Protein chains: 2
Amino acid sequence: MKVSAQEEYGLRCLVQLAHLSASESLTLSEIARREGISVANAGKLLWILNKAGLVQSTRGTRGGYQLARPASEIRLSEVIKVLDADEVESHCKSYTGVLEVCVHTSDCGIRPVIQGLHEIVQNALSEVTLAQLVGTEQSVDATLHQIQKLQSRLSPTGGSA
Amino acid sequence: MKVSAQEEYGLRCLVQLAHLSASESLTLSEIARREGISVANAGKLLWILNKAGLVQSTRGTRGGYQLARPASEIRLSEVIKVLDADEVESHCKSYTGVLEVCVHTSDCGIRPVIQGLHEIVQNALSEVTLAQLVGTEQSVDATLHQIQKLQSRLSPTGGSA
DNA sequence: ACTAATCTTGACTTAAAAGTAAGGTATGCT
DNA sequence: AGCATACCTTACTTTTAAGTCAAGATTAGT
């Protein structure tokens, strides 16, 4: 359960674009330089983001990338989903071991955990927008901890099932 | 942001053991057979779990594995942490691109997201025990959705930062 | 129209995770 | 004591994700 390199770098590139004003744009090489990754790699990431409609590209001499929407309207849940190659559901189709289908198809206790977990993460991510990431660390920190505090208040002892 | 194969399979092996009564135990090959994975692979997973003190092994003819503690006292957060090679923190040390240190060291908007996200996941996982996974799907499903519902109630519009 | 700058796209290479194999060590049974 | 069972551990192979490269396509300016 961790954030992949592609998710991390892709998100960083978006944050760079979020810093710009509406008319500005950044070229691939400039983004790559600022993030300390190769131009080729940045190109791949931006292409993914472009295909998903999160950024807009302009070709030619004065070209570059900019956000397709205001940063305040781009939620991290969407970003992660796009960068994660969208292998969201269909979990029980993979990881089947040697067998053809999941051994736990009938009454599987793990499936809901995997799925529920995913929902929780997406939910938390949907509360944070790119615009917030542009601000100081503190603001984001506050938002996420607000969520967390609520969680711990929920079930102090554990489930009752 | 996804569950690795090792996490998934390791968790499954634990669930198998959680089904046993106190005096019973399962051999490697039996666990492997039930989960549809190779004996070698199961051996590796169980070794990790054993090293972490989650399961207990008995050698010799009548040997096998059993849980080191009651299933109701083993939280998924612990399980995942163990199976994930414990690369929990130290995130800004990796993913630095070509540069020596994280480009966002000074005022990084991404760091708190990564960290906060991790906390949220751990928090959610710590509310579910192995014992709950042994029950029906419904019970686990209920527990996780309880958490989720609370989250969405928290911030209907998005952050204010 | 030409040229330089820039994005686009698919194939290739490299690094990391997952899985496998084989030899070692401990235990119980005869 | 000796053999069979079963876990333990390290090293190796395979697979998959990440990253790179190079040729193609598009636009702005001259």
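Keep in mind that this is a model prediction, so the values were computed, not measured.
- Rounded to whole Å, the distance from CG on B/L83 to P on C/dA17 is 15 Å.
- Atom-to-atom distance recorded for A/L130:CG and A/S72:OG is 9.5 Å, nearest 0.5 angstrom.
- A straight line from CG of A/D84 to P of D/dA17 spans 10 Å, rounded to a whole angstrom.
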Response to the item:
A correct 5'-to-3' footprint of nucleotides 10-15 of chain C, with B, S and - meaning base, sugar-phosphate only and no protein heavy atom under 4.0 Å, is ------

Discussion item. One pair to check against side-chain hydrogen bond (donor to acceptor under 3.5 Å, both in side chains): B/E30 and B/T27. What are the steps and the verdict?
Written reply: CA-CA 5 Å; B/E30 182 57 19; B/T27 72; 5.5 Å; no

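- When distances run from any side-chain atom of B/S4 to the nucleotides D/dC8, C/dG19, C/dA18, the shortest one goes to C/dA18.
- Taking the side chain of A/Y9 as heavy atoms from C-beta on, and the options C/dG19, C/dC7, D/dG19, the nearest nucleotide is D/dG19.
- Distance check: B/L28 CG to B/L46 CG gives 5.5 Å after rounding to the nearest 0.5 Å.
- Atom NZ in A/K44 sits about 7 Å away from atom P in D/dA18, given to the nearest Å.
- Taking only side-chain atoms of A/T27, from C-beta outward, the nucleotide of C/dC7, D/dA18, C/dG19 with the closest atom is C/dC7.
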Practice prompt. Start with the C-alpha distance between B/L67 and B/Q56, add both sets of side-chain angles, then the distance that settles side-chain contact (heavy atoms from CB on, under 4.5 Å), and finish with yes or no.
Written response: CA-CA 6 Å; B/L67 294 182; B/Q56 233 171 0; over 6 Å; no

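- Applying the salt bridge (charged side-chain N to carboxylate O under 4.0 Å, His left out) test to pairs two or more places apart or on separate chains, those with a residue in residues 49-70 of chain B are B/R69-B/E78.
- Distance NZ (B/K2) to C1' (C/dA16): 13 Å, rounded to an integer number of Å.
- B/I114 contributes atom CD1, which lies 12.0 Å from atom CD of B/E119 (distance to the nearest 0.5 angstrom).
- Taking atom CG on A/L46 and atom P on C/dT8, their separation rounds to 8 Å, with Å as the unit.
- Here the nucleotide nearest the side chain of A/Q6, chosen from D/dA18, D/dC7, D/dT20, is D/dA18.
- Heavy atoms only, all atoms of each residue included: B/L83 and B/G10 are closest at CD1-CA, 3.7 Å.
- Residues from residues 58-70 of chain A with heavy atoms under 4.0 angstrom of DNA chain D, sorted by number: A/R59, A/G60, A/T61.
- At whole-Å resolution of the value, CD in B/E30 and P in D/dT5 are 16 Å apart.
- When every heavy atom of A/S25 is checked against every heavy atom of A/G63, the shortest pair comes out as OG-O, 4.0 Å.
- With distances taken from any side-chain atom of B/L28 to the nucleotides C/dA17, D/dA18, D/dC7, the minimum falls on D/dC7.
- In this entry the distance linking CD of A/Q56 with P of D/dT27 reads 13 Å, nearest Å.
- D/dA17 atom C1' lies 17 Å from atom CE of B/M1, rounded to whole Å.
- The shortest distance between the side-chain N/O atoms of B/N50 and the OP1/OP2 oxygens of D/dC7 is not below 4.0 Å.
- In terms of heavy-atom proximity, B/Y65 sits nearest to B/L20 at O-CD1, 4.3 Å.
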